2 protein chains.
Amino acid sequence: MKDVVSSCPIEEVMRVLSGRWPTLLLYYLKNGTKRFSDLRRDNPTVSHRILALELRKLEEAGIVRRTAHPGYPLRVDYDLTAPGLKLVPLIDALGGWWEDTEDDRAGRISSAVETKLVAAE
Amino acid sequence: MKDVVSSCPIEEVMRVLSGRWPTLLLYYLKNGTKRFSDLRRDNPTVSHRILALELRKLEEAGIVRRTAHPGYPLRVDYDLTAPGLKLVPLIDALGGWWEDTEDDRAGRISSAVETKLVAAE
DNA sequence: CCGTGGTTACAGAATAGTGCGTAATTTACA
DNA sequence: TGTAAATTACGCACTATTCTGTAACCACGG
């Protein structure tokens, strides 16, 4: 995949929010600080490797803050940065949109454009 | 992977918006109706195949409307449905968030904004 | 033959999951 | 008392799955 120097910020946002986990992690982190194992419990379908990678990606994007406490057993906290917190309502808005428009999207009654290949006879 | 019947709508939204193209297509379609070849021109890095697939995904999600005009040479129009139009400002908001929080995300100095990156170009 | 919108077939790239290893301290238990 | 096992947050190597791209083909009127 080429590294196009995208002109629009939307492309850049999606570079970090794309995928199944980023928004979910935002969702769980908005309730407050969580540890690695908490996040794994919150959503058991993500593998530890991917969770670590996704968290690092979010950290590098400045959305999540990682705090490693010295000593053993290791303890690492994750929480949202200020930008991360500001992002949450936007993500929620997307979820709201999905629900609000459910009928409209599913029904697809949008118009009388039923001109479907009338090649029949 | 398993098909977890995701409890939260956010996961479902991301299922359709994830990836590089969906939001970009939204972006181009918000200016009005476009044909397949227009969209290819708008954004030359997407392959023929992927564009067709992405458009179909968006159509199935009820975000984009496909209108095939009978006759040859083939002609197909794409435009946003009502839900799709409502989605646009939300996507824009994400872009705005990305720009607004740029210093904060990059600098990660959550209390003071000191050096603004001067993009000299 | 060309151009349009789309599909299929195959290949290669990207992404995700599994399982093992690590570190220092605590606990388990004969 | 000694030794083994658990804990926590990963990293690494390997495999499995999925995604994306390329190329070719179809339909048809001109």
Side-chain angles (χ1 to χ4, degrees), chain A residues 1-4 6 11-12 14-25 28-29 33-61 64-79 113 115-121, chain B residues 1-4 6 11-12 14-25 28-29 33-61 64-79:
Chain A
M1 225 183 237
K2 274 94 227 193
D3 226 44
V4 184
S6 64
E11 208 171 337
E12 305 192 37
M14 291 317 287
R15 205 132 51 200
V16 60
L17 293 189
S18 255
R20 189 168 155 198
W21 309 119
T23 49
L24 270 195
L25 294 181
Y28 286 117
L29 283 174
T33 301
K34 297 266 183 142
R35 292 216 309 277
F36 189 85
S37 48
D38 292 328
L39 291 169
R40 286 220 66 190
R41 262 187 293 279
D42 283 338
N43 102 83
T45 55
V46 69
S47 69
H48 74 266
R49 192 177 86 92
I50 295 302
L51 181 55
L53 286 175
E54 294 289 332
L55 284 170
R56 194 165 309 283
K57 191 174 75 174
L58 290 175
E59 191 201 354
E60 273 161 30
V64 158
R65 181 178 53 174
R66 197 183 98 106
T67 312
H69 304 284
Y72 290 81
L74 280 166
R75 228 157 254 257
V76 182
D77 286 339
Y78 291 94
D79 62 353
V113 188
T115 354
K116 275 213 158 175
L117 284 183
V118 200
E121 223 358 85
Chain B
M1 261 349 34
K2 274 91 242 190
D3 225 38
V4 184
S6 64
E11 206 172 338
E12 305 191 37
M14 291 316 288
R15 205 132 51 200
V16 60
L17 292 188
S18 254
R20 187 166 154 200
W21 309 119
T23 49
L24 270 195
L25 295 181
Y28 287 117
L29 284 174
T33 301
K34 297 266 182 142
R35 295 218 311 268
F36 189 85
S37 48
D38 291 329
L39 291 169
R40 286 220 68 189
R41 261 187 295 278
D42 282 337
N43 163 14
T45 56
V46 68
S47 71
H48 183 97
R49 194 177 91 93
I50 295 300
L51 180 56
L53 287 175
E54 294 290 331
L55 283 171
R56 215 138 74 80
K57 191 174 74 175
L58 291 175
E59 191 201 355
E60 273 161 29
V64 159
R65 180 179 53 173
R66 197 185 97 105
T67 312
H69 304 285
Y72 292 82
L74 246 49
R75 202 169 191 210
V76 181
D77 285 340
Y78 290 95
D79 62 352

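Proteins get letters first, then strands, A, B, ... in listed order; numbering begins at 1 in each. This one's a predicted model, so the numbers in the text were calculated from it and none came from an experiment.
Remark: A/Leu53 CG to A/His48 NE2 distance equals 9.5 Å, nearest 0.5 Å. Rounding to the nearest 0.5 angstrom, the gap separating the CG atom in A/Leu51 from the CZ atom in A/Arg56 is 10.5 Å. Separating the CD atom in B/Glu54 from the CZ atom in B/Arg49 is a distance of 10.5 Å, to the nearest 0.5 Å.
Remark: A/Arg66 pairs with no residue by the salt bridge (Lys or Arg N to Asp or Glu O under 4.0 Å) rule, at least two apart or across chains. A search for side chain to side chain contact (heavy atoms under 4.5 Å, CB included) contacts involving A/Asn43 returns A/Trp21, A/Leu24, A/Leu25, A/Tyr28, A/Thr45, A/Val46, not counting sequence neighbours.
Side-chain N/O atoms of B/Arg75 include none lying less than 4.0 angstrom from OP1 or OP2 on C/dG5. Taking only side-chain nitrogens and oxygens, A/Ser37 never comes nearer than 4.0 Å to OP1 or OP2 of D/dT7. OP1 or OP2 of D/dC10 sits under 4.0 Å from a side-chain N or O of A/Arg66.
A 4.5 Å side-chain heavy-atom check between B/Leu55 and B/Phe36 finds at least one atom pair inside the cut-off.
Going from atom CD1 of A/Ile50 over to atom C1' of C/dG19 covers 14 Å, rounded to whole Å. The interatomic distance linking B/Asn43 (CG) with D/dT20 (P) rounds to 13 Å, in whole Å. To the nearest angstrom, C1' of C/dT4 lies 14 Å from CG of B/Leu55. As a whole-Å value, the separation of B/His69 NE2 from C/dG5 C1' is 12 Å.
Of the residues near DNA chain C, B/Leu53 and B/Arg41, the one whose nearest nucleotide (by heavy atom distance) lies more toward the 5' end is B/Arg41.
A/Arg40 comes within 4.0 angstrom of no nucleic acid atom, judged by non-hydrogen atoms across all strands.
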Table of protein N/O atoms under 3.5 Å from nucleotides 21-27 of chain C N/O atoms:
none

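For C/dT8, the base has no donor-acceptor partner in the side chain of B/Arg49 [N/O atoms by modelled type, under 3.5 angstrom].
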